[in-house]
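No hydrogens, no waters, no symmetry mates; every other heavy atom, side chains included, goes into these values. In listed order, ligands and their atoms are each counted from 1.
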Amino acid sequence: MECDFKGLVDRARLDLDVALDRAGFEKVKADFLGPNGQVKALFNTLASAGKEEKPRLGKLINECKARMEEIFVEKLSQLEDSELSDSLGPKIDPSVPIVAHGGIHPLSMMQETMAEIFRKIGFTIALGPEIETVWYCYDALNMDESHPARDAIDTLYFSESLCVKNVPRRGDEHHILRSQTSTVQVRTMLAEKPPLRIISPGRTFRRDTMDATHSANFHQCEGLVVDQGMSVVDLKSVLDFFFKELLGEKCETRFRPSFFPFTEPSFEMDFRAPNMGKLSNQWIEVVGCGMVHPNVFSVVGYDSNAWSGYAFGFGIERLAMLMCGVDDIRLFYQNDARFLKQFAA
Ligand code: DAH
């Protein structure tokens, strides 16, 4: 008697291919290797085989059985793997492109919007270091050590042992974290000749306790124009243009007298606009500004008989909070995706 052993193994393999779960697997296994299965039937045929045939046939049937058992073990291990990965939750396919949209941080967006508006009227961007010296932050801005205005914005000092190599200092003056971006006025004027027309956005630091409206780390934008024959009218026109571009034609601005050591005269600028939620049509104070003080010109070696100029500065967080309806400054720094997502395009 002869039998197609290879054909039997192939059939078992085909049946196993379509078995998708344990139940399907057990059924095929019973068909071929069970007590009433096809391999058992082969062994039963041995009884009627001739005496000389028996050993050879027995060997072939055992080989067929062994081959069959191998493919069942293989299939079982595949099934176990897929059961495990099913139990680990949804499959992740790293080849699928990510469809979630990223977004720009609201403070970066605010800075970009501002820069875009100032670019339209000829301003370029100047940047300065966040680690400064006391001279750039105060003395050169007409605020010597005894000046009371210095106390109000006193800042974070580096200890003597911390050597800040790349920010040169005069004598043994202190290195500090800058408390205002007005430092960039001085740096720009020392480095360049007039006329000048710059804005300088950047990070600033103060020894403030954090709450909904204060942060020891925040951002400002400074503006400086030096040219011939500049007046308060030029200053007001530029700020009025900026706020109308930002908040619409209906936005109005007003100046109130104020004091800053590095400008004379000095002003606070308020705006009011109809689209400001709870603060609609209320005067809101946002900008400090004025005409560059002659003492500042003399520090940087500009002739104040030949040149005049104006400067302004405002807080970027404050403007972003007003524009985005955010009532807690801390939200900008917490990186909570639920907050940030609201600004993602
Ligand atoms: N640096 C000031 C501050 O931090 C803001 C400021 C006021 C800037 C008047 C100016 C200015 O340029 O002219 O409060």
Side-chain angles (χ1 to χ4, degrees), residues 114 118 123 125-130 132-144 147-156 176-190 194 196-208 213-227 230-240 242-243 253-271 284-297 299-300 302 304 307-319 329:
M114 284 164 22
F118 281 115
F123 283 78
I125 294 181
L127 298 178
E130 291 169 7
E132 261 299 359
T133 68
V134 168
W135 188 81
Y136 281 105
C137 204
Y138 301 119
D139 299 75
L141 287 163
N142 202 27
M143 255 187 277
D144 69 20
H147 204 295
R150 204 155 139 166
D151 280 353
I153 55 173
D154 205 4
T155 186
L156 301 150
I176 55 173
L177 288 174
R178 65 178 177 185
S179 56
Q180 51 182 349
T181 44
S182 306
T183 52
V184 187
Q185 286 189 30
V186 181
R187 287 188 171 274
T188 309
M189 287 191 278
L190 281 174
L196 289 175
R197 204 172 175 83
I198 55 128
I199 55 160
S200 183
R203 187 184 297 242
T204 45
F205 307 84
R206 286 188 192 176
R207 238 179 20 180
D208 265 336
T213 52
H214 294 88
S215 162
N217 150 63
F218 59 106
H219 297 76
Q220 286 189 333
C221 181
E222 188 74 13
L224 172 71
V225 171
V226 181
D227 212 324
M230 291 290 102
S231 74
V232 176
V233 175
D234 299 295
L235 167 61
K236 182 135 193 324
S237 312
V238 159
L239 290 177
D240 195 68
F242 173 73
F243 280 93
T253 56
R254 75 172 182 193
F255 273 22
R256 284 179 294 110
S258 185
F259 172 79
F260 295 100
F262 40 93
T263 44
E264 180 59 34
S266 303
F267 309 95
E268 297 282 353
M269 197 219 80
D270 308 332
F271 76 87
I284 305 169
E285 176 185 318
V286 269
V287 183
C289 58
M291 303 306 291
V292 179
H293 197 291
N295 289 356
V296 177
F297 275 157
V299 164
V300 298
Y302 282 11
S304 37
W307 301 99
S308 48
Y310 56 86
F312 54 87
F314 54 86
I316 294 176
E317 276 82 348
R318 178 148 163 70
L319 213 49
I329 196 171

Check ring pair (Phe, Tyr, Trp, His ring centres under 6.0 Å) between Tyr310 and all other residues, then give those that pass, not counting sequence neighbours.
none
Exercise answer: donor-acceptor pairs, residues 284-295 side-chain atoms, under 3.5 Å, sequence neighbours excluded:
{"from": "Glu285", "atom 1": "OE1", "to": "Arg256", "atom 2": "NH2", "distance (Å)": "3.1"}
{"from": "His293", "atom 1": "ND1", "to": "Asn295", "atom 2": "N", "distance (Å)": "3.0"}
{"from": "Asn295", "atom 1": "ND2", "to": "Asn142", "atom 2": "OD1", "distance (Å)": "3.1"}

Which class fits the ring pair Phe118 and Phe242: parallel under 30°, tilted 30 to 60°, perpendicular over 60°?
parallel
Both conditions, 6.0 Å and 45 degrees, for the charged tip of Arg206 above the ring of Phe218: are they met here?
no
List ligand 1's nitrogen or oxygen atoms that come under 3.5 Å of a protein nitrogen or oxygen, with the partner atom and distance.
{"from": "ligand 1", "atom 1": "1 (N)", "to": "Gln180", "atom 2": "OE1", "distance (Å)": "2.7"}
{"from": "ligand 1", "atom 1": "1 (N)", "to": "Ser182", "atom 2": "OG", "distance (Å)": "2.9"}
{"from": "ligand 1", "atom 1": "4 (O)", "to": "Arg206", "atom 2": "NH2", "distance (Å)": "2.8"}
{"from": "ligand 1", "atom 1": "4 (O)", "to": "Gln220", "atom 2": "NE2", "distance (Å)": "2.8"}
{"from": "ligand 1", "atom 1": "12 (O)", "to": "Gln185", "atom 2": "NE2", "distance (Å)": "3.2"}
{"from": "ligand 1", "atom 1": "12 (O)", "to": "Glu222", "atom 2": "OE2", "distance (Å)": "2.6"}
{"from": "ligand 1", "atom 1": "12 (O)", "to": "Phe312", "atom 2": "N", "distance (Å)": "3.3"}
{"from": "ligand 1", "atom 1": "12 (O)", "to": "Phe312", "atom 2": "O", "distance (Å)": "3.3"}
{"from": "ligand 1", "atom 1": "13 (O)", "to": "Ala311", "atom 2": "O", "distance (Å)": "3.2"}

Tell me, please, which residues at least two apart from Phe205 pass ring pair (Phe, Tyr, Trp, His ring centres under 6.0 Å).
none
Quick one about Gln180 and Gln220 (side-chain donor to acceptor, distance below 3.5 Å, no hydrogens or angles considered), yes or no?
no
